[in-house]
Amino acid sequence: MDTMRTIEPTADELAEGRRLRRKKQATNLAIDVFLLIVSIMMLLPLVFLVANAFKTPAEMLSWPPTIIPRDPTIANFSAVLGETPLLRWIGNSIAFAVLSTIAIVATSAIAGYVFGKFRFRTMNILFALFLATAIVPFEVYMIPLYFQAKSLGILNSLWGLLLGYLVMSFGIFLVRQNVIHSIPDELLEAARIDGAGEFWIFFRIVLPLLRGALGALAVLAFFQAWTAFAWPMIVATTRSSYTIEVGLALFQTGFTVDLGRLSAASATVLIPSILLFVLLRRNFVQGVASTGLKE
Amino acid sequence: MLKRKRFIFAMLAILPTLAIFAYVRLYPIADTLRLSLYQWNILSKNKPFIGLANFRELMGDHLFLDALINTTIIAFGVLALTIPMALVIAALIFHRTRSRMAGFYETAVFIPHVVSLVPAAMAWKWIFDARLGPLNALLDFFGIPMQSWLFDPVLSVICIIVLCSWQALGYAVLIYLVGFKNLPVSLYEAAKLDGASGRQSFWHLSIPMLKPITLYVSVVTLVSGFNVYAQAFVLASDAQGAPGRQVRVLVLDMLENSFRNYRVGYAASEAVVLLVIVLALTLIQFSMLREKGKA
Amino acid sequence: MKNASVKTRISTRALLLSTAFVGTLLSGVASASAETLTVWSGYPEMAPFYEHVAQGMKASHPDLDVKVEAIALREHEKRVALGLTGGGQDGVTVIELSGSTATRYLENDLLPKAADDVSAFVKDEKNFSKFFIDSASYNGAVYGVPLFRGQGSLYYNTDMFAAAGLTTPPKTMDEYSAYAEKLTKRDASGKATVSGWSLRLSGGGQGIAEKFWTNLHQFGGAILAPAGDGKWKPDFANEAGRKALKQYLANIFTTKTVSPEMPADADAFERGQTAMFIRESWVIGDIAKKAPDLKYATAPLPKGSIALPTNLYVAGDDAAIGWEFAKAANSPENLIWLLQNVGWLPNRSGVDYSSVTAKQPAFAAFVDYPQGYEFFTLPAIGPIEEVLTRVAAQLVTAFGDASMAADDAKIDAFLKKASDEVVAILDREGLAAK
């Protein structure tokens, strides 16, 4: 900060500096404490959930509630795995999320590139169309879409789930921004002069340059499908076709419900998705952050 | 010639995406608008055109009005809780960017946004539980009368607001962080030289300069608030007996009309109302941005 | 940037890995066997019964593969509606539906008539009483095979009764309230910890209205009453309705024997969190499984109960195997198994259930009800669920309104409003009485 000073500081000034530094340290400490409390509060519900998963039914009903299980048990987990096709639901969710990710990344990459580098009037109109519908919430049109899935005969299947999650307007937008900012026209022109075909250019030049953006988009798309609820809820009505979200939600509508088991099932789902998130955090943050840069 | 070839490539490349987009987005949106004008009942063979009768019925349907009011309260409640908190937390995290803990804060605040909704809602269901939950235990500890959180007409709405805010906060913080990182450092240094305290520059520099971001986050938060469904579903879904008060929200009422009362046309007219609200919010955002640009 | 590209590589690998996983998953999906029969049920606890029936058919149909899909009732009804209108349902499906719900499908020609031999079996009054034959028929033709019925009785915890000095079950609705007050256990502050009489006060859907109707019936009212000529009218904006609602409100706000957030229903009864409640016979089976040591008894309701018959319908081509299944489900051996292991009451007459009822006295209240016991059932009209859902939503508001408890005028105004809303729905569907 005060590197510009050329004159020797007086004793008073030194003391003042020390005081300021101490004050700054104290402020930082206070901020850290505050943020730590906030962080813990944010994580606490999830910690509770995991803790509940290990509690016995008796402890679950005891008052006051305990935070750390007194007598940890894994009975809840074995009961849940025995009673519900939990693994199958997780499998359905993963399959759905992965296929949706692939579809979204593919459609966004191509469309984003075309909209970014082929500024024909038709393309601009089409792009405006994509953007305009981006603000229409899925919930608005999911009922007609449901009947389309029905007439295709793909209800209760992976394909039915997928139908609602094939394109993402934001993905197209994100790729287009990246194409405009990070792929110079000269590069493409040079390749064309060398006689490269348009498809070759797309696959060999454009795609590799978009790796970062597509990675971020992939993570976004994956989590979007992984946490989808309303659509799977109406499309998947057989036990074997539920995604994990729907399976869990309906698991608790059974006749008599055991909170410990419910927590165990929830924890089983939560832990892998948190791990995945921590692993891919940077991609994710990059992707989400870019959603805010529309302007 | 070359231009034509490029145009053909662009058309060919965009065609599959465009076809999918038209089928899974444009068509169902148009269909929603169409269905809203019909008495379209799943089971009956006769599906007559009835003009605006559905909308007229909506205006006198107290379940729908209930849902509309609840949803509006929830959306604005989440907004009021999330935006100020996100702004402060993001400012503090930004202030501590260089500390080792910054990554942890960011992750902790963000995790609720990525975990699946249903397990998260289960965790909160336990927290709010009137007889077993830690929230009442805490109140009891301090001698405050315990509340039946999920059953009281007012408190149950607050519970949903808290749950939604918990999930929305991370996204808002992240976007604000990006905003802070893009603010010109020189301005702050100038302010500091003028003797402005950290708090002063936060109020007089950061907040005005982050206005576009605030607008964007507000609209995103509001729009997702208007689409609230899973939270209300899980917090009140039937575990037999006394699960909780059903807070009627728009999407829930829509799905009930469509898949329980089989009145798809009527549900579509609700979807149209939802669409109009979302469009209005977005338009307000745009016009406010433009106004700012002029000033 | 460098860091970001490392992470990108990780995500690419994760993608590849999961793609491989999807591949394996997909390859496992496509396998269907020769003769399959799907059973759709709205009661998860019925699944073992249908599997038992399938087991019995193994002898004559060794290749038959029966898939039982038993899910929660609301979800079940949704999938039936969507399945029958052309999606999600393929092959032969045996569908379990209450007679009232089935009507809307029959009106729209979405379920086929029963095969001749099945029709003869159902129409034989030695097999089923007229009430059940009617519930499985439409315009005189048989469409379904009766199976079991929902019928309510009072369940009470005999230990708690003894502790409160009560020796007999309540016989009038006034006694229900008085008993509830005596049975409620309270903590030092006077707050109820064990409800004296568990009432359904919250939750989504029509359950609240159905339970309320049962109480209303004891006072002589009905949510919907026939008005002749296939028309209906609400019958609760009257003295019966006022009494029924007032009793709810008195229990919630005046004597405070129950509150919405208290654990309720079978769950609470099994855990000793409520002293008495009204429910169908399946609770007997549930208690045997989950709380075998619970000391309890059952008693008929003061005036009468709901009787909600559930039938089996068959959809799909080549339905013969489906009808055979529906008939097999009605074999005496299977019905006795049903009563003993699940607890739902079989509808077929001429079967000797005494081997089960003798061992489990709790069934007596369901089978040996007094002379003149009056049953009611849900009307077989399309919007029945919409009516119940809307009445339920109204009731939830009332159950939260303490000021109504002592204000008859307010109760009457409320009932009038709810009743008008029902009329509006009936009117829309052309079902309202003139």
Side-chain angles (χ1 to χ4, degrees), chain A residues 31-32 34-35 38-39 42-43 45-46 48-49 52 61 64-65 107 110-111 114 118 120 123 126 130 133 135-137 139-141 143-145 148 163 166-167 198 223 226-227 229-230 234 245 248-249 252-253 255-257 259 262-263 266 269-270 273-274 277-278 281 285 288-289 292 295, chain B residues 6-7 9-10 13-14 17 20-21 24-25 28-29 31-32 35 89 92-93 95-96 101 105 107-109 111-112 114-119 122-124 126-127 132-134 137 171 174-175 178 212-213 216 223 227 229-230 233-234 237-240 251 258 264 267-268 271 274-275 278 282:
Chain A
I31 290 176
D32 273 333
F34 176 76
L35 286 177
V38 169
S39 301
M42 292 299 279
L43 294 178
L46 302 175
F48 285 161
L49 186 72
N52 283 351
L61 294 174
T107 51
I110 298 167
V114 171
F118 297 78
F120 300 106
M123 292 301 146
L126 287 179
F130 274 74
T133 61
I135 48 166
V136 180
E139 283 77 2
V140 166
Y141 58 87
I143 292 171
L145 191 62
Q148 288 169 253
L163 191 69
L166 286 171
V167 284
E198 293 292 343
F223 276 94
W226 179 260
T227 54
F229 182 73
I234 59 174
E245 288 278 277
L248 276 182
Q252 61 156 9
T253 62
F255 266 133
T256 38
V257 171
L259 205 55
L262 216 50
S263 306
S266 303
V269 184
L270 217 57
S273 62
I274 290 183
F277 168 69
V278 172
R281 186 179 134 242
V285 168
V288 172
E295 282 76 42
Chain B
R6 290 187 54 199
F7 183 73
F9 166 78
I14 201 83
T17 306
I20 295 174
F21 179 79
V24 303
R25 175 103 22 110
I29 292 176
D31 213 28
T32 301
L35 286 176
I89 292 172
L92 294 179
I93 293 182
H95 185 83
R96 302 290 292 141
M101 296 295 284
Y105 299 146
T107 313
V109 172
I111 275 186
V114 291
V115 297
S116 325
L117 235 157
V118 177
M122 305 259 181
W124 283 95
W126 181 68
I127 293 176
L132 307 170
Y171 178 77
L174 206 74
I175 302 289
V178 177
I213 300 234
Y216 170 75
V223 169
N227 289 315
Y229 167 55
F233 180 89
V234 177
S237 65
D238 295 314
Q240 177 212 43
V251 176
S258 163
V264 175
L274 180 62
L275 177 63
V278 169
T282 315

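Any value given below was found using the heavy atoms of this structure, including those in side chains, with hydrogens, waters and symmetry copies removed. Treat the numbers as computed from the prediction; the structure is a model and nothing was measured.
Here the straight-line distance linking atom CG of B/L274 with atom CD of A/E139 works out to 7.5 Å at 0.5 Å rounding. Here the CG atom belonging to A/L166 is positioned 10.5 Å from the OG1 atom belonging to B/T17, to the nearest 0.5 angstrom. Here B/T32 contributes atom OG1 and A/Y141 contributes atom OH; the two are 9.5 Å apart, rounded to the nearest 0.5 Å. The structure places CG of A/D32 at 4.0 Å from CZ of B/R96, a figure rounded to the nearest 0.5 Å.
In this structure, chain B has a heavy atom under 4.5 Å from the side chain of A/F34, while its backbone stays farther away. With a 4.5 Å cut-off on non-hydrogen atoms, A/N52 touches chain B through its side chain but not through its backbone. Heavy atoms closer than 4.5 Å to chain A are found in both the backbone and the side chain of B/L92. Within the 4.5 angstrom heavy-atom criterion, atoms from both the backbone and the side chain of A/V167 approach chain B. Using a 4.5 Å cut-off between heavy atoms, A/V140 contacts chain B through both its backbone and its side chain. Contact annotation for B/Y105: both backbone and side-chain heavy atoms come within less than 4.5 Å of a heavy atom of chain A. Contacts between A/L270 and chain B at a heavy-atom distance below 4.5 Å involve the side chain alone, from C-beta outward. For chain B, the nearby parts of A/L163 are the backbone and the side chain; heavy atoms of each come within less than 4.5 Å. For chain A, the nearby parts of B/V115 are the backbone and the side chain; heavy atoms of each come within less than 4.5 Å.
In this structure, the side chains of B/I89 and A/L35 come closer than 4.5 Å at one or more pairs of heavy atoms. Within the 4.5 Å cutoff, no side-chain heavy atoms of A/F118 are placed close to those of B/I14. Residues B/V24 and A/L145 are in side-chain contact: their nearest non-hydrogen atoms beyond the backbone lie under 4.5 Å apart.
Looking at residues two or more places apart in sequence or on another chain, you find a side-chain hydrogen bond (donor to acceptor under 3.5 Å, both in side chains) between A/W226 and B/S116. Residues satisfying the side-chain hydrogen bond (donor to acceptor under 3.5 Å, both in side chains) criterion with A/S273, sequence neighbours excluded, are absent altogether.
In terms of non-hydrogen atom pairs under 4.5 Å with chain A, the most contact-rich of B/I20, B/N227, B/L35 is B/N227. Options B/A271, B/A13, B/P28 differ in how many heavy-atom pairs under 4.5 Å they form with chain A, and the most are formed by B/P28.
Of all heavy-atom pairs spanning B/V264 and A/I143, the tightest one is CG1-CG2, 3.7 Å. When all heavy atoms of B/H95 and A/I31 are compared, the pair lying nearest together is CD2-CD1, 3.5 Å. The two atoms that bring B/T107 and A/F277 nearest to each other are CG2-CE2, 3.8 Å, heavy atoms only. Across every non-hydrogen atom of A/P45 and B/A123, the tightest pair is O-CB, 3.4 Å. A/E245 and B/P119 get closest at one heavy-atom pair: OE2-CD, 3.3 Å. Across A/M42 and B/V109, no two heavy atoms sit closer than the pair CE-O, 3.5 Å.
By the 30° and 60° cut-offs, the orientation of the rings of B/F7 relative to A/F120 is perpendicular. Classification of the B/W126-A/F48 ring pair by plane angle, with boundaries at 30° and 60°, yields perpendicular.
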**Study point:** Derivation of the side-chain contact (heavy atoms from CB on, under 4.5 Å) call for B/I111 and A/I274
**Key:** CA-CA 7 Å; B/I111 275 186; A/I274 290 183; 3.7 Å; yes
